[in-house]
Number of protein chains: 2
Amino acid sequence: MLSQSISTSAPGGRKVAPAPAATTDHFDVLTGHAGLVASEFIYRKDEEIYGEDETAEYVYQVVRGAVRTYKLLSDGRRQIGAFHLAGDVFGLETGMKHRLAAEAILDTTVRLVNRRSLEQAAHSDVRVARDLWSITSGELRHAENHMLLLGRKTAMERVATFLLEMDRRLARAGMIALPMCRRDIGDYLGLTLETVSRSLSELQAKGVLGLSSARQILLRDRHQLAVLNC
Amino acid sequence: MLSQSISTSAPGGRKVAPAPAATTDHFDVLTGHAGLVASEFIYRKDEEIYGEDETAEYVYQVVRGAVRTYKLLSDGRRQIGAFHLAGDVFGLETGMKHRLAAEAILDTTVRLVNRRSLEQAAHSDVRVARDLWSITSGELRHAENHMLLLGRKTAMERVATFLLEMDRRLARAGMIALPMCRRDIGDYLGLTLETVSRSLSELQAKGVLGLSSARQILLRDRHQLAVLNC
DNA sequence: CGTCGCTTTGATCTAAATCAAGTTGAGTGG
DNA sequence: CCACTCAACTTGATTTAGATCAAAGCGACG
C-alpha cells in the first residue's frame, strides 16, 4: 500500500528536515523537491476544506486528523467517496475543479502544496509525474473496490469490509479509534446510520468485536470478518 | 470529455497514417510516438480479454465493439465498473496486475500496446506521462460519479443516469443502440435485470423514451431524464 | 447536573429482490 | 419459407433486507 507523502518544505522555501522514513516510501521522491513550498493549515471539526466544483488550487496531505470527501444530490443525499487519514494525499486533480467536496471530520492539520508548482515539478522530473499518477491510480483502485461494495454487498458485508479497512489504516495497539460518526459511516457504505449501528451491535453480540465505547472498537475475530468480506 | 486514443503504429514498427483528427484530441500526443508498436486483435462475444489479478502486459483501446470490466464476489455476484466503447482506453494500470477482468460484450476489435513500451515512452516524454495520468484520472471521475449512483440513487434514477450516459457516448442519429443485455445493465447499476426492465417499461409508458426493439432506444424527453438524474 | 448530540433499539413500511410464468425475436435447420 | 429452439426480455406475485419512523439511553461538556 502506498503511504502517500508530499513535500515537507516550509513556507518561504526553507527546508524543514522530515523525520527519516524507515520504509521505502513510494512518495519520498516528492519530499524536498526543489521549488515546492508546503504550508500547514488547521481546519476545525466539520469545516469545509473545499467545495464540489471549486477550482483546484492546492493538493493536500493530512498531517493529523481525518477528512471526508463526498458528493451530494440536490435533495441532500450524500455519498462519501473516501476517508483520508494521517499521511493521505487528497484533492489531487488533472482537471480544473475538485470533483468532490472535502470537510474535516475533526480538528485536522493539513499540509498544502500549490497545484501549479507540483505540476511544474512533474514537468521537469518524470519521477514526480509518475508519483502523481500513482496517487490517482491508488484512489481509482479504492473506488473500484468500493463500487463492488456499494453495488453488490449486503449491509453486514459492507460493515465487515469497513472494519477491516479501518483496522488496516488506523489500528493502534489492536484498537480502532474511529474519528467519524455513524452517519458518516452510513454515507460511506450506502446505508443508514441505524443499519450501521445494528450491524455493529450484531457483530458485538456474536463476539466478533468489542465496543468499549461507540467509537473504540476491538476486533476479536478478523477471520470471521474476512469471511463476510468474501 | 477525453476521447482517449493511443498509437496507431502497425506491428513491426511501420507507421500507418492515422485519419487526421479535427479536434484537439488530448491523446493525440501518443499517436505515432517513436518506439510504440500497436497491434490489433479481435475477441468474440463473451470472450475474456484478461482476468482479475492477471499480470498487466498490455494497454488496450477499443476499435470496434464494446467491452465490460468487472469484479466478482466468490458466490458469483458481479459489479461491472465500466463499459468501454469505440475509442476508449482500458486496462491501464500503475501496478503489476489488472484489478478488474475484461470481456468483449460482442465481437470486438481492440488495439493493444505493450505496457512496458508505453511506460518507457512516458519516461522520455513528459506529455505521454501526463496523458496516462489523465486517462486514469478520467476513470476515477467516472468511478466517483458511479459510487454516488450505487450508494444513493433509486432504481429509476440509476436507469435515467445510464440512459443519459449511453446517449452521450453512443447515440447515432438520435438513437441509442445498446450493445449489452439487461443483466449487464443491472450488474453495472447495482440492480437486477428485472428492475432494469421494469424501469425502462415505465419510462416508455410515460413517453420519456421509445423502444423500437429491446436494445434500440429513442430518447423523447431528455429533460425529464435529467430531472431524475438530479 | 442538565443539556444536547450521538447512538442504540424497537416497530413498521417499502423499494427492490426473488420466484415464476409467459412473450418475443433472432438464428437454424427441415 | 416456415417451424422450431433458445436466449433475452417482459410482466406478475410474493418476499425481504434495509429504510423510515419513533423513542429511549449515554456520555461529554458547559
Side-chain angles (χ1 to χ4, degrees), chain A residues 44-46 66 68 73 75-79 105-107 149-163 176-206 209-217 228, chain B residues 44-46 66 68 73 75-79 105-107 149-163 176-206 209-217 228:
Chain A
R44 297 292 157 205
K45 176 171 152 65
D46 297 325
R68 57 183 170 250
L73 292 173
D75 62 358
R77 281 173 287 172
R78 181 178 68 158
Q79 179 61 44
I105 292 173
L106 33 78
D107 291 359
L149 177 148
L150 293 170
R152 289 300 181 216
K153 290 188 182 178
T154 65
M156 188 54 85
E157 289 165 349
R158 293 178 201 209
V159 170
T161 302
F162 171 75
L163 289 170
I176 304 173
L178 293 177
M180 74 290 284
C181 66
R182 297 289 187 263
R183 179 174 295 279
D184 285 344
I185 300 172
D187 285 351
Y188 179 56
L189 299 179
L191 301 170
T192 59
L193 64 93
E194 292 95 329
T195 298
V196 171
S197 179
R198 275 184 249 270
S199 300
L200 290 172
S201 297
E202 192 181 329
L203 288 171
Q204 185 176 33
K206 283 179 177 164
L209 57 80
L211 289 163
S212 55
S213 79
R215 304 207 187 170
Q216 281 287 337
I217 301 182
L228 283 167
Chain B
R44 297 292 158 204
K45 177 172 151 64
D46 297 327
R68 55 181 172 250
L73 292 174
D75 62 358
R77 280 173 288 170
R78 181 178 67 157
Q79 179 62 43
I105 292 173
L106 33 77
D107 291 359
L149 177 148
L150 293 170
R152 289 300 180 216
K153 290 189 183 179
T154 66
M156 188 55 85
E157 288 166 348
R158 292 178 202 209
V159 170
T161 303
F162 172 76
L163 289 169
I176 304 173
L178 294 177
M180 74 291 282
C181 66
R182 297 289 187 264
R183 179 174 296 278
D184 285 345
I185 299 172
D187 285 352
Y188 179 57
L189 300 179
L191 301 170
T192 59
L193 63 93
E194 293 96 328
T195 298
V196 172
S197 180
R198 274 185 250 271
S199 301
L200 290 171
S201 297
E202 192 181 330
L203 289 171
Q204 185 176 33
K206 283 179 179 164
L209 56 80
L211 289 163
S212 55
S213 78
R215 303 207 187 171
Q216 281 287 337
I217 300 181
L228 284 167

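Residue numbers begin at 1 in each chain, while the letters A, B, ... track the order of the sequences. Below, each value reflects all heavy atoms present in this structure, side chains not excepted, and no hydrogens, waters or symmetry copies.
Between B/Leu106 atom CG and D/dA7 atom C1' the separation is 16 Å, expressed in whole Å. At whole-Å resolution of the value, CD in A/Glu194 and P in C/dT7 are 12 Å apart. For B/Arg77 and C/dA17, the CZ to P distance is 13 Å, given to the nearest whole Å. The distance between atom CG of B/Leu193 and atom P of D/dG12, rounded to the nearest whole Å, is 16 Å. If you take CD1 of A/Ile105 and P of C/dG5, they are 20 Å apart, rounded to a whole angstrom. In this entry the distance linking CG of B/Leu200 with P of D/dT10 reads 7 Å, nearest Å.
Out of C/dA16, D/dT20, C/dT8, the shortest distance to the side chain of A/Arg198 is found at D/dT20. Of the candidates D/dG18, D/dT11, C/dT8, the closest approach to any side-chain atom of A/Leu191 belongs to D/dG18. Of the candidate nucleotides C/dT9, C/dT7, D/dT10, C/dT7 has the atom lying nearest to any side-chain atom of A/Cys181. Proximity note for B/Thr195 (side chain, C-beta onward) versus C/dA17, C/dC6, D/dT10: the nearest is C/dA17. Side-chain proximity of A/Ser201 to the nucleotides C/dT8, D/dT20, C/dA16 is greatest for C/dT8. Of the listed nucleotides (C/dA16, D/dT10, C/dT9), C/dA16 has the atom at the smallest distance from the side chain of B/Thr154.
Looking at heavy-atom distances under 4.0 Å, A/Arg215 makes contact with sugar-phosphate atoms alone, never a base. In this structure, B/Gly190 reaches the sugar-phosphate backbone alone: every heavy-atom distance under 4.0 Å involves primed, P, OP1 or OP2 atoms, never a base.
Here A/Ser197 does not reach the OP1 or OP2 of C/dT7: none of its side-chain N or O atoms lies under 4.0 Å away. Of the side-chain N and O atoms in B/Thr192, one or more sit less than 4.0 angstrom from OP1 or OP2 of C/dA17.
Checking A/Arg152 against A/Ala214, the closest nucleotide of DNA chain C that is more toward the 5' end is the one next to A/Ala214.
Residues A/Glu194 and A/Arg198 are not paired through a salt bridge, judged by the lack of any N-O separation under 4.0 Å between the basic side chain and the carboxylate.
The main-chain N or O of A/Arg78 is found under 3.5 Å from a side-chain atom of B/Arg152 such that the two form a donor-acceptor pair.
Contact annotation: side chain of A/Arg183 to base of C/dG5, donor-acceptor pair absent below 3.5 Å. For C/dT9, its base never sits under 3.5 Å from the side chain of A/Arg182 at any donor and acceptor pair.
Counting heavy atoms from C-beta on, the side chains of B/Leu150 and B/Arg158 come closer than 4.5 Å.
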